[in-house]
Amino acid sequence: MHAIEILAAALVAFETLILFAGVVSRYVVHQPLTWSDELASILFLWLAMFGAVVAYARAEHMRMGALVARLGPQGRAFFDALALAVGIAFLALIFYPAFDYARDEIDITTPALEIPNIWRAAALPVGIALMLVMAALRFTRRHRPRDLLLAVMLIAVIAAALIFAKPLLTLIGNYKLVVFFVLLVGACVLAAVPIAFAFGIGTFAYLALTTHTPWSVVVSRMDEGMSHIILLSVPLFVFLGLLIEITGMARAMVDFLASLLGHVRGGLSFVLLGAMYLVSGISGSKAADMAAVAPVLFPAMKARGESGGRLVALLASTGAMTETIPPSLVLITIGSVTGVSIAALFTGGLLPALVLTLALAALVWWTAGRNEAAGTQRAAPSAIARAFIVALPGLALPFLIRAAVVEGVATATEVSTIGIGYAFAYGILAAVIFRQRIEWARLWPVLVETAALSGAILFIIGAATAMAWALTQSGFSRDLAANMGRLPGGAAGFMAVSIAAFVVLGSVLEGIPAIVLFGPLLFPIARQLGIHEVHYAMVVILAMGIGLFAPPFGVGYYAACAIGRVDPAAGIRPIWPFLCALLAGLVLVAAVPWISVGFL
């Protein structure tokens with residue numbers, strides 16, 4: 001495991017250097033490296049698979065565990081064994097197709113490096129084999145034999161029932177999609193099976209039992225979903241988000257906002273809103289955003305009389321409202337699966353998030369008198385000026401990232417490397433000039449954490465891409481488009497149904513898999529109805545954000561509770577007014593397209 005972590009972390013660092021070298025060679029030296037993108041793409045698949053292995057060994061693949069968490073110890077132990085058994089079943093089923101797929105790539109030569117494409121495709125069977133090894137070790141060491149036996153028996157019974165039901169599945173036509181993609185996948189998700197494996201087992205079962213499609217198609221679709229060059233920005237932006245915490249850039253911005261507003265009643269709540277808005281524009285990862293801001297502000301806010309429940313409610317709400325701030329990973333995913341310009345998405349996402357920020361700020365202002373004690377002393381102008389000077393590099397970084405993409409200095413994939421270099425330079429200068437203590441020892445664990453989180457995200461995208469392809473081949477997308485096009489109310493009715501649907505999808509599937517599944521299906525319908533694709537993207541992203549952070553199913557809400565170290569039960573009642581404010585802001589964004597497209 002240690003060796004795999006070293007490889008995964010080294011790949012994150014090497015990918016950063018390759019892409020940064022590509023930017024410098026093209027924009028500074030004017031001699032482009034023709035092989036840099038191709039090498040980065042080859043190594044990217046290895047990074048995704050090694051990262052998925054690390055995440056699997058750490059049990060960090062995304063899952064919806066809210067229901068299982070309510071069970072007793074024995075119930076949780078059984079469902080944990082069941083989730084592991086389902087994962088082993090899926091990995092075992094696709095191992096040989098992955099091996100076969102990689103072997104077929106040996107005759108394909110890459111255009112720039114002129115090497116067999118098996119050097120890239122071999123990452124799939126190697127990664128699957130390593131996950132099988134990790135799963136087998138966990139299976140034998142961490143679970144009771146009784147739970148394992150019951151889990152295997154349950155899987156065998158369901159598999160036998162589906163096999164014997166093949167004639168019936170043929171007769172019911174496309175209603176069989178309900179069996180595989182609603183009942184089977186839904187049951188796996190609710191049973192806390194990692195979302196990627198739930199999607200994968202449902203897709204594999206559907207194709208194997210109802211079609212004559214070769215099993216290797218599942219692997220090829222996963223490869224296509226995970227290998228999109230735009231998605232290479234995912235690990236790099238995750239790394240950037242963690243790096244700004246190490247270098248103290250996030251704390252500097254929070255300290256500056258606190259010096260401006262910390263003395264007013266409710267001021268630290270406004271600081272939390274502003275800090276999340278600014279930090280989200282840098283990291284692209286909501287977990288990294290909350291982890292960077294909450295530990296800085298929560299102690300002071302509690303000292304002023306704020307309850308832990310209200311704090312975590314506000315933190316979760318700010319996480320929901322910042323989903324459209326570039327370089328959000330959801331924005332990048334939408335651009336990769338729908339073809340919408342990422343530069344346009346980066347430009348269009350700032351104002352919708354500001355509208356929701358103002359909605360939350362209005363609620364904070366209205367309730368501050370009852371929830372926060374008297375403020376502290378006003379900071380001296382000299383202290384504010386010094387805090388501004390220290391925070392200025394961090395405040396400038398979101399604008400630097402956006403300008404680099406819009407002006408063509410770097411692609412959406414490469415721009416994160418500029419931010420990483422900028423953050424390193426800031427850390428060095430802060431240590432030398434401002435005598436700040438930079439925790440450089442955390443750099444290696446951060447690289448490993450980046451690989452693990454990225455692998456978990458990309459494995460979901462791969463499985464969701466295979467599932468979306470199966471749904472498309474079944475004719476579901478055509479039927480969905482026809483039904484959505486006949487909704488009463490035209491574009492307004494379609495937008496209302498989309499908001500409701502993506503709030504639900506965001507709470508169950510999280511943003512990225514929901515977008516990969518339904519983005520290619522619904523965006524063409526929006527275009528046919530005359531809805532601007534950037535406007536539609538902002539609406540569905542914000543709707544998914546509300547669902548992601550809404551209890552009891554929203555995974556983001558529990559992440560906020562974990563970061564704030566607050567019991568989830570304490571925040572359920574305080575969060576609803578904030579969610580209502582977010583919903584009001586979302587309705588305004590949906591009703592006024594200019595908010596999303598006015599600056600394009």
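- With respect to Phe256, the side chain to side chain contact (heavy atoms under 4.5 Å, CB included) criterion is satisfied by exactly one of Val271, Leu395, Ile389: Leu395.
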Check against side-chain contact (heavy atoms from CB on, under 4.5 Å), Ile525 and Leu529: CA-CA 6 Å; Ile525 304 173; Leu529 293 173; 4.2 Å; yes
From CA spacing to verdict: side-chain contact (heavy atoms from CB on, under 4.5 Å), Leu458, Phe44: CA-CA 10 Å; Leu458 293 167; Phe44 178 44; 3.5 Å; yes
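- To the nearest 0.5 Å, atom CG of residue Leu240 and atom CD1 of residue Ile418 are 11.0 Å apart.
- In this structure, the ring of Phe459 has its center no less than 6.0 angstrom from the ring center of Phe199.
- Separation of atoms OG1 (Thr16) and CD1 (Ile420) is listed at 4.0 Å; rounding is to 0.5 Å.
- Taking every heavy atom of both residues into account, Thr324 and Pro352 meet most closely at OG1-CB, 4.3 Å.
- Between Tyr536 and Leu522, some side-chain heavy-atom pair lies under the 4.5 Å cut-off.
- Not one N or O on the side chain of Glu60 forms a donor-acceptor pair closer than 3.5 Å with the backbone of Ala452.
- Listed for the Thr247 side chain is a donor-acceptor partner under 3.5 Å among the backbone atoms of Leu243.
- Taken to the nearest 0.5 Å, the CE atom of Met321 stands 10.5 Å off from the CG atom of Leu542.
- By the 4.5 Å heavy-atom criterion applied to side chains, Thr203 and Trp469 are not counted as neighbours.
- In this structure, Ala466 and Arg221 approach most closely via the heavy-atom pair CA-CB, 3.6 Å.
- Here the straight-line distance linking atom CD1 of Ile499 with atom CZ of Phe494 works out to 11.0 Å at 0.5 Å rounding.
- Considering all non-hydrogen atoms of both residues, Ala391 and Ala252 come closest at CB-O, 3.4 Å.
- Atoms CD1 and CE, on Ile460 and Met226 in that order, are 11.0 Å from each other to the nearest 0.5 Å.
- Shown here is Phe181, whose CZ atom has more than 12 heavy atoms of other residues, nucleotides or ligands within 6.0 Å.
- Using modelled atom types, one side-chain atom of Ser341 and one backbone atom of Ala344 make a donor-acceptor pair closer than 3.5 Å.
- With a 4.5 Å cut-off on side-chain heavy atoms, Leu314 and Ser269 count as touching.
- Between Leu19 and Asp37 the shortest side-chain heavy-atom distance falls below 4.5 Å.
- Smallest separation of non-hydrogen atoms from Val539 and Ala590: CG2-CA, 3.8 Å.
- Counted within 6.0 Å of CZ on Arg527, heavy atoms from surrounding residues, nucleotides or ligands total more than 12; the atom is thus considered enclosed.
- Contact annotation: the side chain of Val185 never approaches that of Phe180 to less than 4.5 Å [non-hydrogen atoms, C-beta and beyond].
- Ile541 contributes atom CD1, which lies 3.5 Å from atom CD1 of Ile334 (distance to the nearest 0.5 angstrom).
- Counting only distance, with no hydrogens or angles, the side chain of Ser259 and the backbone of Ile384 share no donor-acceptor pair below 3.5 Å.
- Nearest heavy-atom pair, Cys188 versus Ala198, reported as atom, atom and distance to 0.1 Å: CB-CB, 3.6 Å.
- Across all their heavy atoms, Gly585 and Leu356 have their closest contact at C-CD1, 3.5 Å.
- Side chains of Phe388 and Leu392 form a contact here, defined as non-hydrogen atoms less than 4.5 Å apart.
- A donor-acceptor contact shorter than 3.5 Å is absent between the side chain of His61 and the backbone of Ile195.
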Candidate pair Ser596 and Leu351, rule side-chain contact (heavy atoms from CB on, under 4.5 Å), full reasoning: CA-CA 7 Å; Ser596 302; Leu351 196 53; over 6 Å; no
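- Between Tyr557 and Phe549, the gap from one ring centroid to the other reaches at least 6.0 Å.
- Remark: side-chain polar atoms of Tyr422 are paired, donor with acceptor, to backbone N or O of Pro393 under 3.5 angstrom.
- Distance alone, capped at 3.5 Å, is enough to place a donor-acceptor pair between the Tyr277 side chain and the Leu350 backbone.
- Although no hydrogens or angles enter the test, the distance criterion places no donor-acceptor pair under 3.5 Å between the side chain of His532 and the main chain of Ala537.
- The shortest distance between side-chain heavy atoms of Ile595 and Met538 does not fall below 4.5 Å.
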Test log, rule side-chain contact (heavy atoms from CB on, under 4.5 Å), inputs Ile531 and Met495: CA-CA 9 Å; Ile531 301 173; Met495 191 71 82; 3.7 Å; yes
